[in-house]
Amino acid sequence: MESTVTEAFHFVCSSQFWRMAIFWTLSLIISYLQSFAQRFVAAQSKSFVYSSPPSLPQATRSVPSATNALRTPICIITGATSGLGAAAANALSMKGFYIVLAGRSSDLLAKAISDIKRQHIGALVKAFEVDMSSFKSVLKFKNSLQQWLLESNLHSSVQLLINNAGILATSCRLTPEDYDEMMATNYIGAFCLTKVLMPLLENSPVPSRVINVTSFTHRNVSGMPVDNDTVTGKCFSRLNCYPYAQIYEYSKFCLLLFSYELQRQIGIMEKSHQAPENGVSSIIDAALAPPEITGVYFFGGNGGTIRSSALSYSTKLSKDLWATSCDIFLELQLASTGTSA
Ligand SMILES: NC(=O)c1ccc[n+]([C@@H]2O[C@H](COP(=O)([O-])OP(=O)(O)OC[C@H]3O[C@@H](n4cnc5c(N)ncnc54)[C@H](OP(=O)(O)O)[C@@H]3O)[C@@H](O)[C@H]2O)c1
C-alpha cells in the first residue's frame with residue numbers, strides 16, 4: 001500500500017505527468033477549436049456521413065469469383081481485441097466488411113469474434129495472432145493471410161487496412177532487435193505491415209484505403225530528428241529517465257508523416273488517417289469516406305476533418321522519415337532472412 005502511494009506520488013511529481021496534463025490537454029483543446037471553427041464555416045451541408053462499403057465497379061461484376069469475393073470487401077484491423085479497434089471491427093462488420101482481426105492474444109481474439117457474432121449473426125470475421133512490435137510476426141501474418149485468402153477462394157486483395165494497435169508504455173522495454181517497444185508497435189509495425197500488404201492493397205479492384213490511427217498529441221512534437229536512432233527509439237533507452245509521453249507523441253507524429261508521404265508516393269490508393277478522440281466515429285468516417293477523400297486528418301466524428309500540426313506537413317521531414325523507415329524495413333528483412341536461413 002505504502003509503495004503504491006509512493007509510486008503515485010512520484011508519478012504526479014514527474015515531468016511526464018505534467019507534460020500529459022498540460023500539453024496534451026492544450027493540444028486536445030486546439031483540435032476541438034479547429035474542428036468547431038471548421039464546422040461553423042463549412043456548414044452542415046458540406047459534412048459527410050457514409051453508410052456503405054466500397055462497391056464493385058460495374059466491369060468486375062461479370063467475374064464470378066472476384067464478384068463473390070468483393071461483395072464482402074476485406075478490412076484488416078490491428079489491435080482489434082479492445083477499445084477503438086474492437087468497436088471499429090463491430091461497426092464495420094455491420095457495414096458489410098469481412099473483418100480480419102489482428103491481435104496478440106488468441107483468447108482475446110476468440111472473445112472479440114464471439115462479441116461481433118453475438119451482435120451481428122451473419123458477421124464474417126477471421127482472426128490472426130500478430131505482435132505488431134515484431135517484424136517476424138508481421139511477416140508471418142502476411143503469409144497466413146495470403147494463404148487464407150487462397151484457401152477460402154477469396155480475391156487476393158485487401159480493401160481496408162486500419163493501423164490501430166498502439167501503446168503508451170511508461171517504462172522502457174526493448175524488442176529483440178533492441179528497438180523501443182512503443183516505437184516498434186506504434187510506428188514501425190504499422191509502416192512494415194503497410195509495406196508488406198501493399199501488393200494486396202494494390203491488387204484491389206476497388207479503391208483501397210489505409211487508415212492510420214494517430215493522436216492529437218502529435219501537435220507537441222517539435223525539432224525531433226527522423227534518423228534511425230530516433231525512429232527505432234534506441235536513443236531513448238540510453239537516457240536516465242524514459243520520456244514516455246514524448247515518445248508516444250513522436251510515434252504518432254511519425255505515423256502522420258508516413259500517411260502524408262504514402263499519399264504522395266502512391267497515387268492509385270486512397271489513404272486517410274485520423275485521430276480517434278471521438279471514439280470510433282472518426283475511424284468509421286475514414287473507412288467509409290468516398291475515394292476522392294484522401295490524405296486527410298479525421299477528427300470529431302460526423303465526417304469532420306481538421307489540419308494536423310504545421311510541422312506534420314513538412315515534405316522534407318516526411319521524405320526523410322520515409323527513407324529512414326525503408327532502411328529499417330530492409331534491416332529487419334535482412335535480419336529475418338538471416339534467422340530463417
Ligand atoms: N482512446 C483514446 O482516447 C485515444 C486517443 C488518441 C489515440 N489513440 C490511439 O488509438 C489506438 C487505440 O487506442 P485504444 O484507446 O483503443 O487502446 P486500447 O484499448 O489499449 O487498445 C489497444 C489495442 O492495441 C493492441 N496492441 C497493443 N500492442 C500490440 C502489439 N504489439 N501487437 C498487436 N496489438 C497490440 C492491444 O492488444 P492487447 O490486448 O494484446 O494489448 C489492444 O487491442 C491506439 O493507437 C492509441 O494510441 C487512442
Side-chain angles (χ1 to χ4, degrees), residues 16 19-20 23-24 27 76-86 88 102-104 130-135 137-138 141 161-197 210-221 224-237 242-262 271-277 282-283 286 297-298 308-309 311-312 317-318 321-322 324-326 328-329 332:
Q16 297 302 302
R19 184 176 183 96
M20 292 190 290
F23 289 178
W24 289 18
S27 51
I76 300 174
I77 308 180
T78 68
T81 50
S82 66
L84 299 172
R104 279 188 295 192
V130 192
D131 178 352
M132 289 300 291
S133 70
S134 154
F135 183 70
S137 179
V138 167
F141 168 52
L161 166 63
I162 305 183
N163 286 314
N164 165 76
I167 52 169
L168 172 59
T170 52
S171 59
C172 180
R173 290 192 299 260
L174 300 178
T175 67
E177 299 84 15
D178 279 343
Y179 294 175
D180 175 79
E181 193 193 15
M182 189 150 47
M183 285 306 297
T185 306
N186 296 6
Y187 174 64
I188 298 170
F191 180 88
C192 292
L193 181 63
T194 310
K195 268 277 225 193
V196 299
L197 291 183
V210 178
I211 297 174
N212 289 324
V213 180
T214 64
S215 164
F216 60 90
T217 59
H218 80 272
R219 292 186 190 281
N220 298 306
V221 175
M224 292 275 277
V226 289
D227 56 10
N228 188 301
D229 210 31
T230 320
V231 175
T232 57
K234 287 178 182 170
C235 65
F236 304 121
S237 62
Y242 185 64
Y244 57 86
Q246 274 116 315
I247 300 172
Y248 180 80
E249 295 161 7
Y250 179 68
S251 69
K252 295 299 180 179
F253 177 73
C254 288
L255 208 49
L256 255 182
L257 288 180
F258 162 50
S259 306
Y260 291 133
E261 190 54 29
L262 190 63
K271 291 142 237 93
S272 308
H273 44 264
Q274 62 91 47
E277 289 74 26
S282 292
I283 296 182
Y297 184 77
F298 284 86
S308 51
S309 72
L311 193 60
S312 69
L317 215 52
S318 294
L321 176 66
W322 184 274
T324 301
S325 308
C326 288
I328 293 171
F329 181 78
L332 289 166

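Excluded from the calculations below are hydrogen atoms, water molecules and symmetry mates; all remaining heavy atoms, backbone and side chain alike, are included.
In this structure, OG on S133 lies 7.0 Å from CD1 on I167, to the nearest 0.5 angstrom. The structure places OH of Y244 at 13.5 Å from SG of C172, a figure rounded to the nearest 0.5 Å. Of the inter-residue distances, the one linking W322 atom CH2 with L257 atom CG reads 12.0 Å to the nearest 0.5 angstrom. Separating the OG atom in S251 from the CD atom in Q246 is a distance of 12.0 Å, to the nearest 0.5 Å. In this structure, D180 CG and N186 CG are separated by 9.0 Å, a value rounded to the nearest 0.5 Å.
Between V231 and L321, some side-chain heavy-atom pair lies under the 4.5 Å cut-off. The shortest side-chain heavy-atom distance between F135 and T175 does not fall under the 4.5 Å cut-off. C254 places a side-chain heavy atom less than 4.5 Å from the side chain of M183. Residues L174 and E181 fail the side-chain proximity criterion, which asks for heavy atoms closer than 4.5 Å. Put simply, the side chain of I188 reaches to within 4.5 Å of the side chain of L332, judged on heavy atoms. Looking only at side-chain heavy atoms (C-beta outward), M20 and L168 come within less than 4.5 Å of each other. Contact of the I76 side chain with the F141 side chain is registered, since non-hydrogen atoms from C-beta on lie closer than 4.5 Å. For the pair Y187/M132, no side-chain contact is recorded, criterion being any heavy-atom separation below 4.5 Å from C-beta on.
Between the side chains of S259 and N212, at least one donor N or O sits under 3.5 Å from an acceptor N or O. A donor-acceptor pair shorter than 3.5 Å can be found between the side chains of T194 and N163. Between the side chains of N220 and T217, no donor-acceptor pair is found at a separation under 3.5 Å. No hydrogens or angles considered: nothing links the side chains of D131 and S137 as a donor-acceptor pair under 3.5 Å.
Note on E249 versus R19: salt bridge recorded, some NZ/NE/NH1/NH2 to OD/OE distance being below 4.0 Å.
In this structure, the side chain of H218 does not engage the main chain of L256 through any donor-acceptor pair within 3.5 Å. Side chain of N164 to main chain of G79: a donor-acceptor pair is present (N/O by atom type, distance under 3.5 Å, no hydrogens or angles). Side-chain atoms of T78 come within 3.5 Å of backbone atoms of A165 as a donor-acceptor pair (strictly under, hydrogens ignored).
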Would you sort out whether I247 and Q16 count as a side chain to side chain contact (heavy atoms under 4.5 Å, CB included), showing the intermediate values? CA-CA 10 Å; I247 300 172; Q16 297 302 302; over 6 Å; no
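Among F298, Y297, F258, the single residue meeting the side chain to side chain contact (heavy atoms under 4.5 Å, CB included) criterion with T214 is Y297.
The aromatic ring centroids of W24 and Y248 lie less than 6.0 Å from each other.
The ring pair (Phe, Tyr, Trp, His ring centres under 6.0 Å) search around F253 returns none, not counting sequence neighbours.
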